[in-house]
Amino acid sequence: PADSGQKGLELARELRPAAITLDVMMPEMDGWAVLAALKADPELGEIPVIMLTVIEERGAAIALGASDYLLKPIERKQLLGVLKRHTAGTAAPVLIVNDEPV
């Protein structure tokens, strides 16, 4: 897991994950800035990003390029279903970007 937006971007470049779960509310670099940076990067822009947050901003997330949007609290079964849908057929890792301990 990455505990900051900047660390999330660094790990995304290094690991090339199958998908990224991204919290919106993080200090220094929030999830919106991370999402924008991911989608602007030609090498990372195609990675599915699933936003995980307490804020109801589904429309904005999808407009900015998020592949999916889940409101906290998130049930394990729900998260696994979304990840399976976006990572089918790949063995690459999933990157978790969240400033809270997982």
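Worth knowing before you read on, the calculation uses all heavy atoms, side chains too, and leaves out hydrogens, waters and symmetry mates. Quantities reported herein were computed from a predicted structural model and do not represent experimental measurements.
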### Query
Does L11 share a hydrophobic cluster with I96, counting links as ILVMFWY side-chain heavy atoms below 4.5 Å and allowing steps through other members?
no
### Query
In chain order, what residues pass the side chain to side chain contact (heavy atoms under 4.5 Å, CB included) check against K39, with sequence neighbours excluded?
L35, V49
### Within residues 17-27 or reaching into it, pairs that qualify as salt bridge (Lys or Arg N to Asp or Glu O under 4.0 Å) - sequence neighbours excluded
D23-K72
### Task
Measure the spacing between CD1 of I20 and CE of M51 and express it to the nearest 0.5 Å.
10.5 Å
#### Entry: side chain to side chain contact (heavy atoms under 4.5 Å, CB included) partners for D30, two or more places apart
W32, A33
### Task
State which residues pass side chain to side chain contact (heavy atoms under 4.5 Å, CB included) with T87; sequence neighbours excluded, sorted by chain then number.
A18, A19, T90, V94
### Query
Could you go step by step and tell me if L95 and T21 meet the side-chain contact (heavy atoms from CB on, under 4.5 Å) rule?
CA-CA 6 Å; L95 176 59; T21 66; over 6 Å; no
### From L9 atom CG to L44 atom CG, the distance as rounded to the nearest 0.5 Å
7.5 Å
### Query
Can you name the nearest heavy-atom pair linking P27 to D99, along with the distance?
CD-OD2, 3.1 Å
### Message
Grouping I, L, V, M, F, W and Y whenever their side-chain heavy atoms are under 4.5 Å apart, do L79 and L22 come out in a common cluster?
### Response
no
### Task
Please round to the nearest 0.5 Å and tell me the distance separating atom OG of S4 and atom CE of M26.
7.0 Å
### Query
Transitive ILVMFWY cluster of I62 at side-chain heavy atoms under 4.5 Å: who else is in it?
none
#### Entry: Separation between OG of S67 and CG of L83, rounded to the nearest 0.5 Å
11.0 Å
### Task
Using the side chain to side chain donor-acceptor pair (under 3.5 Å) rule, collect all pairs that involve residues 74-84, keeping only residues at least two apart or in two chains.
none
### Task
Could you list the residues that satisfy side chain to side chain contact (heavy atoms under 4.5 Å, CB included) with I55, not counting sequence neighbours?
V24, M25, T53, E57, Y69
#### Entry: Listed partners of E56 passing side-chain hydrogen bond (donor to acceptor under 3.5 Å, both in side chains), at least two apart
none
### Query
Yes or no on side-chain contact (heavy atoms from CB on, under 4.5 Å) for V54 and L71, after CA distance, side-chain angles and deciding distance?
CA-CA 5 Å; V54 296; L71 285 173; 5.9 Å; no
### Message
Quick check: closest heavy atoms across P17 and A92, and the distance to 0.1 Å?
### Response
C-CB, 4.3 Å
### Task
Only pairs at least two apart or in different chains count here, so list each salt bridge (Lys or Arg N to Asp or Glu O under 4.0 Å) that has a residue in residues 1-13.
R13-D41
### Message
Could you report the tightest heavy-atom contact between M29 and Q6, atom names first, then the distance?
### Response
SD-N, 3.7 Å
### Summary
With sequence neighbours left out, the residues meeting salt bridge (charged side-chain N to carboxylate O under 4.0 Å, His left out) with R58 are none
### Message
Is there a side-chain contact (heavy atoms from CB on, under 4.5 Å) between I74 and L52? Walk through the geometry before answering.
### Response
CA-CA 8 Å; I74 300 164; L52 311 176; 3.4 Å; yes
